Amino acid sequence: MPLAIAPTDVEVEVKRISADEKVKKHLQEIGIIAGSRLTIISSDGGNVILVVKEGRLCLDKVLASKITVAIAA
């Protein structure tokens, strides 16, 4: 499922990022790569606020829709 519609307060695992290489590289630098685990705090108002490692990050809905995740086991 796209990150933009993933449930809040549930740990998810990144499966795929469908963006251009420049965006993928930027996401990699902030800790979002295939296999990384994220927790969504809020997805109200079009933006997605999530926890990556020990920091919080806000992504717009367009970018969040390009990140495919699954609920972590």
Side-chain angles (χ1 to χ4, degrees):
M1 80 187 97
L3 181 63
I5 63 167
T8 58
D9 298 322
V10 175
E11 188 175 54
V12 295
E13 182 177 344
V14 176
K15 295 298 184 181
R16 186 182 65 206
I17 300 171
S18 303
D20 62 40
E21 289 304 314
K22 183 178 179 182
V23 173
K24 283 183 183 180
K25 182 174 171 85
H26 177 66
L27 291 173
Q28 180 180 4
E29 290 170 354
I30 58 176
I32 301 176
I33 58 171
S36 62
R37 293 182 177 231
L38 316 168
T39 302
I40 299 169
I41 297 172
S42 171
S43 61
D44 295 336
N47 293 326
V48 178
I49 301 171
L50 52 113
V51 175
V52 180
K53 297 183 181 179
E54 296 178 11
R56 291 184 182 195
L57 180 67
C58 181
L59 299 177
D60 71 345
K61 194 169 191 172
V62 174
L63 182 55
S65 296
K66 294 181 180 183
I67 301 172
T68 304
V69 298
I71 295 176

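As the structure is a prediction and not an experimental result, all values here were calculated from the model.
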Exercise. Taking side chain as C-beta onward, heavy atoms only, is M1 less than 4.5 Å from P7?
Worked result: yes
Seminar exercise, completed: Looking only at heavy atoms, the pair that brings I40 and A6 closest together is CD1-CB, 3.3 Å
Exercise. Would you say K61 and V48 make side-chain contact, with heavy atoms under 4.5 Å?
Worked result: no
Exercise. If you look at every heavy atom in L59 and I67, which pair is closest and at what distance?
Worked result: CD1-CD1, 3.9 Å
Exercise. Do you know which two heavy atoms are closest between A19 and K24, and how far apart they sit?
Worked result: O-CE, 3.2 Å
For this session: Look up atom CD1 in I17 and atom NZ in K25, then write down how far apart they are to the nearest 0.5 Å.
Result: 13.5 Å
Exercise. How does the hydrophobic cluster around I49 look, that is, which other residues are in it when side-chain heavy atoms under 4.5 Å mark a link?
Worked result: I41, V51
Problem set entry | Exercise: identify the closest heavy-atom pair between S65 and P2 | O-CB, 3.8 Å
For this session: Calculate, to the nearest 0.5 Å, the distance between atoms CG and CG belonging to L57 and N47 respectively.
Result: 10.5 Å
Counting only pairs under 3.5 Å, give me each side-chain donor-acceptor contact of residues 27-38, with atom names and distances, residues two or more places apart or in other chains.
from : atom 1 : to  : atom 2 : distance (Å)
S36  : OG     : I33 : N      : 3.2
S36  : OG     : I33 : O      : 2.7
R37  : NH1    : E11 : OE1    : 3.3

